[in-house]
A.B. asks: 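One structure is given below, represented as structure tokens, and several questions about it will come after.
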Amino acid sequence: MGISTNYAKIRQEIPKDVTIVLSVKTRTVEQVEEVIDAGATDIGQNYVQEAGRMYSALQKKAAKVRWHMIGHLQKNKINKALQIFDVIQTVDSLGKAAAIDKRAERAGKKIIPVYIELNIGSEFSKAGIKPAEHEPFEKYMENLVRDISVLSHLRVNGLMTMGPRFGNPEDVRPYFKRTKRIFESIKALDLPNVDMKELSMGMTNSYRIAIEEGSNMVRIGTAIFGKRKENCGE
Ligand SMILES: *Cc1c(COP(=O)(O)O)cnc(C)c1O
């Protein structure tokens, strides 16, 4: 099946209030253009340079969608990232948040929406904040969000997580449940400059379970564009 058919099918299958972020790492500009033409509203990229190339090649169409940084953001790429992305989903420390804030101020940006990235399975190989390193984790997150909330060029708008990848996607459910609980506990604090709107969790093999567990933003690549070639990167 084609990209636009795949997108339409998934768009129809999931609730209207769930945002689909199209994960476009390693895809071609033509593929991204096709999905924008099919009605996509949000694009996710892991790589700043690849995003920059896509953004320029798409010309006016690029500005019709929201661009989400969903990959690990190195400090030396923040300036470039701020020229492209509307949302940074991968804030994984106070230091990173402060660096984005400083560069946003210099670039004359008003406010950058950010999500905090949790490595909810505390997996060695993955980015994001690992609960196992910061127990009691709910308290740690509360303090972190309080600290980030005073940065005047950022607004904390949600949480993002990958979740461990299992052969049986059902096994990820408890991790999604925990992420949702943390999301709700931060929201309940009702902190100034924090507006917990988006819970970004669920990918091709897990988005149905993620939505059942309260996700309102899924990041999907494979189910729409097909399998990726291995060895992707900048
Ligand atoms: C690649 C990627 C996705 C999409 O994964 P699929 O399995 O292709 O749907 C989602 N989120 C992040 C952070 C990714 O890197």
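First listed ligand is number 1; within each ligand, the first listed atom is number 1. Every value quoted in this text rests on a predicted model; they were computed, and no experiment measured them.
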A.B. asks: Check ligand 1 for N or O atoms under 3.5 Å from a protein N or O and list each pair with its distance.
C.D. replies:
from     : atom 1 : to     : atom 2 : distance (Å)
ligand 1 : 8 (O)  : Thr222 : N      : 2.8
ligand 1 : 8 (O)  : Thr222 : OG1    : 2.6
ligand 1 : 8 (O)  : Arg228 : NH1    : 2.8
ligand 1 : 8 (O)  : Arg228 : NH2    : 3.4
ligand 1 : 9 (O)  : Thr204 : N      : 3.1
ligand 1 : 9 (O)  : Thr204 : OG1    : 2.5
ligand 1 : 9 (O)  : Gly221 : N      : 2.9
ligand 1 : 11 (N) : Arg219 : NE     : 2.9
ligand 1 : 15 (O) : Lys25  : NZ     : 2.7
ligand 1 : 15 (O) : Asn46  : ND2    : 2.7

A.B. asks: Charged N to carboxylate O below 4.0 Å: is that the case for Glu212 and Arg173?
C.D. replies: yes
A.B. asks: Say whether, by atom type as modelled, one donor and one acceptor occur between the side chain of Asn193 and the main chain of Arg155 under 3.5 angstrom.
C.D. replies: no
A.B. asks: Closest approach of Met162 and Met203, non-hydrogen atoms and distance?
C.D. replies: SD-SD, 3.8 Å
A.B. asks: Could you tell me which non-hydrogen atom of Gln31 sits nearest to which non-hydrogen atom of Phe225, and how far apart they are?
C.D. replies: O-CE2, 3.7 Å
A.B. asks: What side-chain hydrogen bond (donor to acceptor under 3.5 Å, both in side chains) pairs are there with at least one residue in residues 64-73, not counting sequence neighbours?
C.D. replies: Asp42-Arg66, Asp42-His68, His68-Gln89
A.B. asks: Is it true that Ile70 and Phe85 fall in one hydrophobic cluster, defined by side-chain heavy atoms closer than 4.5 Å?
C.D. replies: no
